[in-house]
Protein chains: 2
Amino acid sequence: MDTNKSTQAFAALSQATRLDVFRLLVKAGEDGLLAGEIGEKLQVKQNTMSANLSVLLNAGLVKNKREGRTIRYYADMEGVTAMLSFLLEDCCGGQPQLCQPFIQQITCSTDNCNDA
Amino acid sequence: MDTNKSTQAFAALSQATRLDVFRLLVKAGEDGLLAGEIGEKLQVKQNTMSANLSVLLNAGLVKNKREGRTIRYYADMEGVTAMLSFLLEDCCGGQPQLCQPFIQQITCSTDNCNDA
DNA sequence: TCCATATATCATGAATAATTGATATATTTG
DNA sequence: CAAATATATCAATTATTCATGATATATGGA
């Protein structure tokens, strides 16, 4: 991961529709969602949604898989990991106590996870 | 945290100079950095850097504190937490195993931290 | 108070990105 | 192969963002 790839990922999440799409895919988990389903849920025109999905894809934040004539999209957690690792690089190195509360809240240790 | 506030934060990180600034501040930890120091390190003109710092500030990703005639900037980890919690909301809820590897890598449990 | 230093704001031109109608491509079905 | 369905690409307009010169504000020191 480098600065360019990372800014591309943040840019992909900097627009309301795409952020909504990504969050839907995060919630959908392994099941993913069909491109058409996403457009319908978010009430976005077909070509606009296609363009937005393409931005997320190019940014490495989502993956897809053709299923017949439909295409299923998934959140790409490895892409998110790469982006965030770059963003937070060396955070803990110098002053661990600064990062602890942050990590507590993001991870499954608090309320956003039931059994992990 | 809502979609608007969150897209604002991602937009702030979607430009190379601002991403570089934020990463510098993450590494700087509690010591922070003076506005001038940041501009010098990154070789960015004074007014351009000022504008970029202002974007990060408005996005809730950095804080600052005046010290005489200089101003010291810090990464705001609470802001980052809010942004990421919103992004990853309900990720673990449905399919915890999907998120585990991601969390392992971001947190201090692996190699990006020495003693936390 | 006057000057120097550090940072912020304003106005503007240039570059980028977003939306959308029209159209193209890929897949399935008859 | 023709029609139907799902998604992608193209072209054009509009909107947003960026960098920067000029200038303003804030603080400290003589």
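Sequence lines set the chain letters: A, B, ... in the order given, protein chains first and strands last, and positions in each chain run from 1. These figures come from a predicted structure and were not determined experimentally.
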A.B. asks: Any side-chain to backbone donor/acceptor pair from B/Ser14 onto B/Ala11? Under 3.5 Å, distance only.
C.D. replies: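 Side chain of B/Ser14 to backbone of B/Ala11: a pair is present.
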A.B. asks: Starting at atom CZ of B/Arg72, determine the distance to atom C1' of C/dA6, rounded to an integer number of angstrom.
C.D. replies: 14 Å
A.B. asks: Going by the rule side chain to side chain contact (heavy atoms under 4.5 Å, CB included), which residues pair with B/Glu37 if we only count those two or more places apart in sequence or in a different chain?
C.D. replies: B/Leu33, B/Leu34
A.B. asks: Atom CG of A/Leu34 to atom P of D/dT5: distance rounded to whole Å?
C.D. replies: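 Going from CG in A/Leu34 over to P in D/dT5 covers 16 Å.
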A.B. asks: Once side chain to side chain donor-acceptor pair (under 3.5 Å) is applied, do any residues pair with B/Arg66, and if so which ones, sequence neighbours excluded?
C.D. replies: none
A.B. asks: I need the OH-P distance between B/Tyr73 and C/dA6, as an integer number of Å.
C.D. replies: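 For the pair B/Tyr73 OH and C/dA6 P, the rounded distance is 15 Å.
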A.B. asks: Rounded to whole Å, please give me the gap between CG in B/Leu53 and C1' in D/dA19.
C.D. replies: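 Rounded to the whole Å, the gap is 15 Å.
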A.B. asks: In chain order, what residues pass the side chain to side chain contact (heavy atoms under 4.5 Å, CB included) check against A/Ala51, with sequence neighbours excluded?
C.D. replies: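 Scan of A/Ala51 (side chain to side chain contact (heavy atoms under 4.5 Å, CB included), adjacent residues dropped) gives none.
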A.B. asks: Between atom CD in B/Gln43 and atom P in D/dT20, what is the gap in whole Å?
C.D. replies: 12 Å
A.B. asks: Let me know the distance between CG of B/Leu57 and C1' of C/dT7, rounded to the nearest Å.
C.D. replies: 13 Å
A.B. asks: Bend angle of the helix from C/dT1-D/dA30 to C/dG30-D/dC1 from five-pair axes at both ends, rounded to 10°?
C.D. replies: 20°
A.B. asks: Strictly under 4.0 angstrom, non-hydrogen atoms only: write out the protein contact profile of nucleotides 17-30 of chain C, one letter per nucleotide from the 5' end, B, S or -.
C.D. replies: -SSBBB----BB--
A.B. asks: List in chain and number order the residues that pass side chain to side chain contact (heavy atoms under 4.5 Å, CB included) with B/Asn4, two or more places apart in sequence or in another chain; answer none if no residue qualifies.
C.D. replies: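 Scan of B/Asn4 (side chain to side chain contact (heavy atoms under 4.5 Å, CB included), adjacent residues dropped) gives B/Asp2.
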A.B. asks: Test of understanding: with side chain to side chain contact (heavy atoms under 4.5 Å, CB included), list the residues that count as partners of B/Glu78, not counting sequence neighbours.
C.D. replies: B/Asp76
A.B. asks: Give me each pair satisfying side-chain hydrogen bond (donor to acceptor under 3.5 Å, both in side chains) with a member in residues 45-62 of chain A, each pair once, sequence neighbours excluded.
C.D. replies: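 Residue pairs with at least one partner in residues 45-62 of chain A: A/Arg18-A/Asn52.
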A.B. asks: Return the value, rounded to whole Å, for the distance between atom CG of A/Leu33 and atom P of D/dA6.
C.D. replies: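 Spelled out: CG on A/Leu33 to P on D/dA6 is 16 Å.
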A.B. asks: Holding to side chain to side chain donor-acceptor pair (under 3.5 Å), I want the full list of residues that pass it with A/Glu67, two or more places apart in sequence or in another chain.
C.D. replies: A/Arg72
A.B. asks: So what does A/Ser50 touch, heavy atoms closer than 4.0 Å: a base, only the sugar-phosphate, or nothing?
C.D. replies: base
A.B. asks: Stepwise, does the side-chain contact (heavy atoms from CB on, under 4.5 Å) test hold for B/Leu25 with B/Val62?
C.D. replies: CA-CA 8 Å; B/Leu25 291 175; B/Val62 307; 3.7 Å; yes
A.B. asks: Output the rounded distance in Å from CG (B/Asn64) to C1' (C/dA6).
C.D. replies: 13 Å
